[in-house]
Structure formats: structure tokens, C-alpha cells
Amino acid sequence: MSHQVRVRFAPSPTGPLHIGGVRTALFNYLFAKQHGGVFYLRVEDTDQNRFVPGAEAYIMEALEWLGIPPDETVGKNEKFGPYRQSERKALYREYADRLIASGDAYYAFDTADSLDALRKSAEEQGGAFIYNHASRSALDNSLNIPGDDLRKRLESGEEYVIRFKTPENQTLELHDIIRGDIKFDTNLLDDKVLFKSDGMPTYHLANIVDDHLMETSHVIRGEEWLPSLPLHVMLYRAFGWQAPQFAHLPLILKPVGNGKLSKRDGDKLGFPVFPLDWKSPDGTSPGYREAGYLPEAVINFLALLGWNDGTEKEIFTLDELIAAFDLSRVHKAGAKFDPVKNRTFNHQHLIRKSDKELADAFIPILQSKGIAAERPSVEKVVSLIKERAYFVGDLWDLGSYFFMAPHAYDEKASKNWKPETGELMLRVREKLSEMADFSTLAVEQELKSWMEAEGIGMGKVMQPLRLSLVGALQGPHLFDIAEMIGKAESLRRIDSAIGHFTHTA
């Protein structure tokens with residue numbers, strides 16, 4: 001086994017990648033990159049009944065979009081390939097046979113019906129049936145079948161599964177990087193199926209064999225796998241292999257109420273639980289990409305679900321996360337998902353982008369509305385309005401008036417247009433029309449000194465002027481807007497407003 005850090009994300013292609021799965025992939029990625037190691041992706045598709053076409057491609061696309069692609073996976077640097085479990089099928093049988101030979105596993109011929117009957121009868125007596133050390137000696141398995149009979153039954157093609165023979169009366173003392181030392185009593189564990197009657201391995205066997213053969217140094221996975229930890233460690237020991245180090249991540253919890261975050265929470269509260277849109281016969285489930293989130297923001301808020309660097313810092317780039325990440329600082333307790341705060345993360349990452357980058361994203365929105373604007377002016381507009389934007393899509397709502405005159409006036413703001421305002425605005429118009437220099441500073445100084453000299457209150461002019469240029473009492477510095485749209489357009493908009501309010505008075 002190499003001493004290099006090698007970690008994996010091993011999803012099943014049974015549907016879209018849940019945000020909890022993305023968080024697992026991210027923590028593996030950060031850990032690998034911090035230690036100069038390898039992050040690989042293995043597709044665990046042994047459960048053919050739950051296989052969903054398109055799911056594997058979706059997982060790959062999601063990790064690419066988020067900027068955390070695997071170093072090795074299907075079709076990429078297949079150093080320990082194949083990376084799809086269904087294509088490794090022949091391997092697993094050999095390892096199941098090895099456990100039979102060493103006495104760590106056995107053939108079980110019990111039918112589903114006979115096991116159901118045992119479960120029912122145990123329930124009726126207020127107990128529970130467990131296939132383990134206490135019951136296996138009375139059941140239909142190779143531990144109780146003489147050699148010749150066993151050979152005949154195997155040769156006749158009778159269906160069987162292969163079960164792990166859990167050792168009796170042992171206390172397993174295991175270590176988890178996040179949870180510390182944990183003890184398990186082997187007498188409380190059942191004899192799990194390792195190999196199914198359909199010739200496919202179960203998750204437990206395939207996972208251990210692949211992690212060993214692919215030289216996985218650390219297994220970082222969700223806490224739902226904690227109950228499987230004793231079996232997995234016992235399998236490593238049965239094979240005589242060194243087990244990787246384990247770390248079980250805390251659950252991601254609902255924003256409201258108790259329990260694990262689900263798609264239903266997203267549907268109810270109106271936020272995505274998937275990285276990208278997922279289209280299925282039932283409709284489309286929304287994704288963070290299509291909802292307008294930046295991949296950096298999604299990575300940032302996921303990293304802080306169950307981890308922090310010990311400071312108050314909340315906004316991280318991917319490189320900063322790689323430098324700061326430490327598995328021992330991951331919490332044991334579940335982390336509440338906060339869709340409202342996630343918007344703030346997006347806002348923070350958006351305002352850190354350069355005006356050029358934001359203009360690149362904004363120009364297609366303008367084009368879709370039939371507006372052909374020059375790049376320098378789009379960059380200038382973006383610089384004036386981005387502080388208020390949470391998403392690139394907000395830029396239009398925040399700055400549409402830079403590109404087209406208002407066609408309506410905000411009703412509430414219109415109350416600022418008094419009977420004498422029209423007369424006052426005509427005088428403002430006259431002042432502006434005389435100006436040769438229409439820069440922010442020149443217009444501001446000219447109007448302010450005129451108002452002072454005439455004894456006109458600021459609000460009497462500034463609010464109606466903003467209403468004329470914008471259509472509402474919003475937007476950046478008023479004279480920046482005037483300079484951006486230019487003198488002729490500013491005068492045109494003042495005329496329109498005077499005409500509108502005179503007509504509606």
C-alpha cells in the first residue's frame with residue numbers, strides 16, 4: 001500500500017447528486033489537495049435495480065461545474081480501473097471465495113420466505129430476529145451442512161448467498177478521525193450478506209475490495225455509514241489487509257424542524273437541494289447552477305456545513321479552503337442548512353468578481369432583451385450596481401434603466417411629485433441643457449449650487465429627478481446615472497416625467 005493520501009467519492013447512479021453528497025465529495029477533495037494526494041471517483045452501480053440512466057453523467061458534470069473534478073475516474077487516468085463496480089464484477093467472487101476458504105464467511109441457503117417467517121414469529125413474541133452467532137447454528141447454511149451434502153447442493157445450482165461470519169464475544173475498539181474512539185460489541189452485530197444470489201456483491205464486500213485495490217488511505221463518508229464501520233474493519237482484518245483511516249461526516253439537517261435535509265424541504269421552502277437541474281418524467285428538480293448561484297458560493301457554504309477553521313472567517317475561495325481544511329475540526333453534531341444565508345454567500349462572491357467577469361455574465365441577459373450595449377458601458381454599469389446584487393440575474397432589475405427609459409413610475413415614489421414639481425423640473429431641465437460638461441461632478445456641483453442660491457430644498461429636486469431618470473427611488477449615485485445615460489437621454493426622461501405627471505395630475 002502506498003503512503004500517498006488517496007481518497008474517493010463513491011456515489012451510486014440512482015438519481016441526481018444530493019447536496020449532502022456534494023459536501024462529502026468536497027471534503028474528500030479538500031483533504032486530498034491539502035495533502036498533495038489523489039481524489040478519485042468510483043461509480044458504485046452494483047444495484048442494477050436502482051440504476052438511473054443519465055445519473056452518472058450528471059454526477060460528473062456537477063463536480064466539473066463546482067470546480068472539484070476527480071483526478072481519476074471512468075475514462076480519466078484509470079490507474080486502478082475499471083472505475084465502475086459493474087465492470088469489476090469478476091473480481092468480487094474471488095474475494096468472497098477467499099473468505100469462505102479462511103472460515104470468515106459461509107454459504108446460506110435460507111429462502112426469503114423462511115427468513116420472513118422467522119422475523120414474523122419473533123415480532124409476535126415481542127422480539128426481533130437477527131441472523132447472527134445466536135441463530136446461525138439452527139439455520140440452513142454451510143456451518144450446519146455436512147461436506148458431501150453441501151457440495152451436491154452447490155453443484156445442483158441451488159440459490160444461496162454468502163454471509164460474513166461475525167466473531168463472537170469480541171469488543172471492537174475503533175478510531176474515527178472526527179468522532180474519536182468508538183466501541184462495538186460483536187455479539188450485537190448480524191452476519192451481513194456479502195454476495196447475493198444474483199452473482200453480484202453487496203455494497204460491503206465490493207466497497208472493501210475496491211478501497212483496498214485502489215489503495216484508499218482515508219475513507220471520508222457520511223455518518224449514515226457509521227453502523228457499517230465494525231463490519232468493514234472486520235473484513236479488512238479477515239483479508240489480512242491494513243484498514244484505511246475512517247472519518248464520518250455529520251448530517252446536513254433541515255432548515256426548519258428536525259431531521260435530515262430532503263428534497264421535500266427544498267420544494268416546500270423554495271430552494272434547490274441539487275447542484276444542477278435534474279430532469280425526470282416527474283418534472284424538473286431545480287439546481288443551484290440554474291438558480292443563478294456561483295459555483296464558488298456553493299462550495300463555500302457547503303464547506304461550512306459541519307466545519308470551520310476556528311476563526312470568524314466565513315468567505316473562502318477554493319484555494320483558501322484547501323489551505324485551511326482540517327478533518328479534526330469537523331464537528332460531530334449535525335449542521336443546519338440555511339438557504340437564506342446561502343444567498344448572502346452568493347452575494348459576497350458576486351461582489352468579489354471583477355466588473356469584466358460580471359459584464360461577461362450580464363451581456364447575454366441584455367442581448368436576450370434585444371439590447372446591444374458596448375462592453376465598457378456594461379462594465380461601468382455593473383460597477384455601480386453590483387453591491388446590491390445577490391445573483392447575476394438581479395443586475396437587470398437593479399440597472400435596467402441604464403439601458404432603457406422607464407415606461408412606468410413607482411406608485412409609492414410618485415407621491416413625491418407635488419403640484420409645483422413640474423415647474424421646478426422645467427427649471428432643472430433648463431440648467432442641465434446649458435451644460436457642456438455632463439460629468440458626474442460637474443452636474444452635481446451645478447445643481448447643488450443653484451439649489452443653494454435659490455433656497456430650494458434638496459429633496460424637492462433630487463427625488464423627482466431620480467424618479468424621472470430611473471422610474472423609482474432606487475439605484476446608485478444619481479449623478480453617476482445622469483453621466484452614464486448622457487445629457488440628451490437625461491433631458492428626454494425629464495420631459496417624459498413632466499408629461500406623465502402633468503397628464504395624470
Side-chain angles (χ1 to χ4, degrees), residues 1 7-8 10 12 20 24 27-28 31 44 46 92 95-96 98-100 102-106 108 110 115 118-119 122-123 126-139 141 143 161-196 201-212 216-251 259-260 306 327-328 330-334:
M1 190 118 170
V7 294
R8 48 68 168 179
S12 297
T24 299
F27 281 19
N28 276 280
F31 185 76
E44 302 210 330
T46 53
Y92 307 119
Y95 287 95
R98 211 187 276 193
L99 293 174
I100 293 268
S102 64
D104 292 295
Y106 58 91
D110 317 86
L115 293 176
L118 288 166
R119 276 190 205 98
E123 279 166 21
F129 167 72
I130 302 173
Y131 206 126
N132 67 358
H133 70 99
S135 62
R136 63 189 172 213
S137 59
L139 295 164
N141 57 56
L143 301 174
V161 296
I162 296 176
R163 288 182 179 270
F164 183 67
K165 188 181 176 191
T166 308
E168 285 179 63
N169 306 321
Q170 287 187 17
T171 300
L172 295 176
E173 297 188 5
L174 309 180
H175 182 76
D176 182 281
I177 296 170
I178 295 166
R179 285 146 211 285
D181 296 324
I182 318 172
K183 287 183 181 179
F184 293 93
D185 176 355
T186 59
N187 288 349
L188 302 176
L189 304 172
D190 59 339
D191 289 357
K192 285 270 189 273
V193 174
L194 301 178
F195 210 82
K196 297 180 283 190
T202 60
Y203 168 83
H204 302 293
L205 179 67
N207 184 277
I208 297 312
V209 169
D210 288 345
D211 278 345
H212 173 71
T216 307
S217 63
H218 297 72
V219 171
I220 304 165
R221 59 188 181 184
E223 76 169 32
E224 61 271 25
W225 293 110
L226 202 54
S228 304
L229 180 62
L231 171 65
H232 293 178
V233 173
M234 287 188 294
L235 279 168
Y236 278 103
R237 290 177 184 175
F239 282 121
W241 298 335
Q242 189 191 337
Q245 293 186 59
F246 288 90
H248 289 85
L249 306 173
L251 291 175
K260 204 168 142 184
L327 268 182
S328 67
V330 176
H331 318 151
K332 294 190 208 51

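Since the model is a prediction, treat every value here as computed from it, not as a measurement. Along the sequence shown, the residues carry numbers beginning at 1.
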Query raised in the report: Phe239 vs Tyr95 aromatic rings, parallel, tilted or perpendicular, using cut-offs 30° and 60°?
Result: perpendicular
Report task. Ignoring hydrogens and angles, tell me if any N or O in the side chain of Ser137 forms a donor-acceptor pair with the backbone of His133 under 3.5 Å. Result -> no
Report summary line: With sequence neighbours left out, the residues meeting ring-ring contact (aromatic ring centres under 6.0 Å, His included) with Phe246 are none
Query - Leu174 vs Arg179, side-chain contact (heavy atoms from CB on, under 4.5 Å): CA-CA, chis, key distance, verdict - result: CA-CA 10 Å; Leu174 309 180; Arg179 285 146 211 285; over 6 Å; no
Query raised in the report: Asp191 pairs by side chain to side chain donor-acceptor pair (under 3.5 Å) with which of Lys165, Arg163, Arg136?
Result: Arg136
**Report entry** Heavy-atom side-chain contact between Asn207 and Val219 under 4.5 Å
**Finding:** no
Requested in this report: Examine distances only and state if a side-chain atom of Ser135 and a backbone atom of Ile130 form a donor-acceptor pair shorter than 3.5 Å.
Outcome: yes
**Report entry** CD on Glu224 to NE2 on His248, rounded to 0.5 Å
**Finding:** 8.5 Å
Query raised in the report: Hey, what do you get for CG (Leu249) to CH2 (Trp225), rounding to the nearest 0.5 Å?
Result: 13.5 Å
Report task. Might you point out which heavy atoms bring Leu172 and Pro230 nearest each other, and give the distance in Å? Result -> CD1-CB, 3.6 Å
**Report entry** All ring-ring contact (aromatic ring centres under 6.0 Å, His included) counterparts of His204, not counting sequence neighbours
**Finding:** His232
**Report entry** Within-4.5 Å side-chain heavy-atom neighbours: Tyr236 and Asp211
**Finding:** yes
Report summary line: Heavy-atom nearest pair, Pro250 first then Ala333, reads CB-O, 3.1 Å
**Report entry** Derivation and outcome, side-chain contact (heavy atoms from CB on, under 4.5 Å), residues Leu118 and Leu139
**Finding:** CA-CA 10 Å; Leu118 288 166; Leu139 295 164; 3.5 Å; yes
**Report entry** NZ/NE/NH1/NH2 to OD/OE distance under 4.0 Å, Lys192 and Asp190
**Finding:** yes
Query raised in the report: With distance as the sole test, does Asn187 use its side chain to make a donor-acceptor pair with the main-chain N or O of Glu168 at under 3.5 Å?
Result: no
Requested in this report: Return yes if some donor-acceptor pair links the side-chain N/O of Asp176 with the main-chain N/O of Ile178 below 3.5 Å, else return no.
Outcome: yes
Query raised in the report: Do you know the tightest heavy-atom contact between Leu194 and Ala105?
Result: CD1-CB, 4.5 Å
Query - Minimal non-hydrogen separation, Phe164 against Tyr106, with atom names - result: O-CE2, 3.9 Å
Report task. Could you tell me the separation between the CZ atom of Arg8 and the CG atom of Asp210, rounded to the nearest 0.5 Å? Result -> 9.0 Å
Query raised in the report: Are Ile182 and Leu226 close enough that some pair of their side-chain heavy atoms sits under 4.5 Å apart?
Result: yes
Query - Euclidean distance, Leu231 CG relative to Leu235 CG, rounded to 0.5 Å - result: 4.5 Å
Query raised in the report: In Å and rounded to the nearest 0.5 Å, what is the CE to CG distance from Met234 to Leu229?
Result: 9.5 Å
Report task. Can you see which heavy atom on Ala238 is nearest to which on Leu99, and at what distance? Result -> CB-CD2, 3.7 Å
Report task. Go through the structure and list residues passing side-chain contact (heavy atoms from CB on, under 4.5 Å) with Gln245, not counting sequence neighbours. Result -> Ile177, His218
Report task. Compare all side-chain heavy atoms of Trp241 with those of Ile208 and state whether any distance is below 4.5 angstrom. Result -> yes
Query raised in the report: Got Asn132 and Thr166 here, is their nearest side-chain heavy-atom distance under 4.5 Å?
Result: no
**Report entry** Pair Leu189-Gln170, side-chain contact (heavy atoms from CB on, under 4.5 Å): steps then yes or no
**Finding:** CA-CA 11 Å; Leu189 304 172; Gln170 287 187 17; over 6 Å; no
Report task. Find out whether Leu115 and Phe129 are in side-chain contact, i.e. whether some heavy atom of one side chain is under 4.5 Å from a heavy atom of the other. Result -> yes
Requested in this report: Decide yes or no for Thr202 and Lys196: does some side-chain heavy atom of the first lie under 4.5 Å from some side-chain heavy atom of the second?
Outcome: yes
**Report entry** Taking every non-hydrogen atom, the tightest pair across Tyr131 and Asn141
**Finding:** OH-ND2, 3.1 Å
Query raised in the report: Got a sec: does the NZ of Lys260 have more than 12 other heavy atoms crowding it under 6.0 Å?
Result: no
Report task. Check whether any side-chain heavy atom of Ile162 lies under 4.5 Å from a side-chain heavy atom of Ile100, and answer yes or no. Result -> yes
